[in-house]
Amino acid sequence: MNKRVYGVLGISSIMANWNADFSGYPKTTSDGLVFGSDKALKYPMKKMWDNEGKKVLYIKSMKFGGKDASLVSLVPRSLGERYEYIFGEKVEKNPQKTLKNLFSAVDVKNFGATFAEAKNNISITGAVQGFNKSADTCSEEQNILSPFRDSSKDDKKDEEAKNSTLGTKITSNEAHYFYPFVINPLAYKEFKELGVTDGYTEEDYQNFKRTALVSATAFATNAKEGCENEFALFVETESDLYLPNLTEYVSFDKGEEKNIINLEQCAELLQVLKTRIKNVEIYYNPYTTKLEGEIEGAKIFNIITQEEV
């Protein structure tokens with residue numbers, strides 16, 4: 001693929017918890033600002049690829065284990081076991097073969113890998129880099145009544161033992177996350193010369209884009225229900241053009257009837273470099289959002305129907 005791609009992916013979280021920390025609350029910086037980590041966005045993409053039957057290495061999967069046959073337990077696979085599970089062979093002390101297998105996994109092809117198994121010390125910097133942006137929001141805690149009693153209190157004679165346990169669901173009232181990313185096919189130049197990959201191709205990019213546009217919406221769990229893809233910007237440039245973090249040129253405002261995503265600063269930046277830009281595509285939800293600022297020559301799509309508007 002003889003181009004770079006710069007962009008922004010926008011996720012809305014309405015009465016949901018897009019990226020929780022270990023306390024169950026939305027992940028925050030040291031000064032209390034809510035943010036979304038790269039893992040929060042990559043996981044739904046990897047889960048979608050895994051559900052489609054594609055090879056995904058870095059995702060949790062379970063097996064039955066235990067040293068004693070009478071004490072079988074459900075445990076996560078190790079990295080080596082996951083490798084064996086998806087490639088059908090054990091890790092060998094053969095870096096060329098290992099690299100070829102790694103590059104055949106869709107998540108490694110996009111996001112890279114750190115792999116240290118069977119004396120294979122391999123580090124792959126992914127072609128797709130980025131994903132991290134803050135969002136303003138506040139958290140809400142909801143008590144949930146469980147259908148089961150707390151059996152640990154069966155020896156008590158009071159009413160507490162008879163009551164159903166309480167659970168807790170923590171959500172954000174409303175949050176909007178904007179993640180920057182850059183796709184640099186030259187990241188795999190050395191590996192391509194070694195003959196272990198065909199490099200990052202147009203097909204790889206289209207697969208990434210297809211998944212990036214819908215994976216958050218598709219990934220519906222109890223806490224993630226209410227999290228949706230609401231915006232995406234893809235700027236395809238010459239392979240030697242270097243753009244700054246585009247989220248710094250995109251702003252979000254809560255409007256009275258519709259939310260407003262302002263692209264005026266981004267439009268000004270891209271206008272200066274328009275002779276070196278090959279294509280610009282914008283995806284957004286026109287039912288909840290209004291765009292301000294026109295990027296010359298950009299194609300605009302409904303992110304839900306993916307039809308041009």
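Between Trp49 and Phe111, the two ring planes are tilted [angle within 30° to 60°]. Between Phe252 and Phe178, the two ring planes are tilted [angle within 30° to 60°]. Below 30°, between 30° and 60°, or above 60°: for Phe191 and Tyr188 the angle between ring planes is above 60°, a perpendicular geometry.
Nearest heavy atom pair, residue Ala216 against residue Ile11, reads CB-CD1, 3.6 Å.
For the pair Asn302 (side chain) and Ile304 (backbone), a donor-acceptor distance under 3.5 Å is present. Side chain of Asn207 to main chain of Asp204: no donor-acceptor pair is present (N/O by atom type, distance under 3.5 Å, no hydrogens or angles). The backbone N or O of Glu92 lies less than 3.5 Å from a partner atom in the side chain of Asn120, making a donor-acceptor pair.
With respect to the salt-bridge test (charged N to carboxylate O, under 4.0 angstrom), the residues Asp107 and Arg82 do not qualify. We find that Lys60 and Asp50 are not joined by a salt bridge, their nearest charged nitrogen and carboxylate oxygen being 4.0 Å or further apart. Salt-bridge annotation for Glu84 and Lys90: present, with a side-chain N of the basic residue lying under 4.0 Å from a carboxylate O of the acidic one.
With no hydrogens or angles considered, a side-chain donor-acceptor pair links Lys254 and Asn259 at under 3.5 Å. Ser104 and Asn101 share no donor-acceptor pair across their side chains, judged by distance under 3.5 Å alone.
In this structure, Glu89 places its CD atom where more than 12 heavy-atom neighbours from other residues, nucleotides or ligands lie under 6.0 Å away. Heavy-atom contacts from other residues, nucleotides or ligands closer than 6.0 Å to CD of Glu193 number more than 12. More than 12 non-hydrogen atoms from other residues, nucleotides or ligands lie less than 6.0 angstrom from CD of Glu308. The number of heavy atoms from other shown groups lying within 6.0 Å of NZ (Lys192) does not exceed 12.
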Pair up each side-chain donor or acceptor in residues 263-273 with any protein partner under 3.5 Å, not counting sequence neighbours, and list the distances.
residue : atom : partner : partner atom : Å
Gln271  : NE2  : Glu296  : OE1          : 3.2

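Atom CG in Asp253 sits 10.5 Å away from atom NZ in Lys290 (nearest 0.5 Å).
Close placement of the Phe115 and Tyr83 rings is indicated, their centers lying within 6.0 Å of each other.
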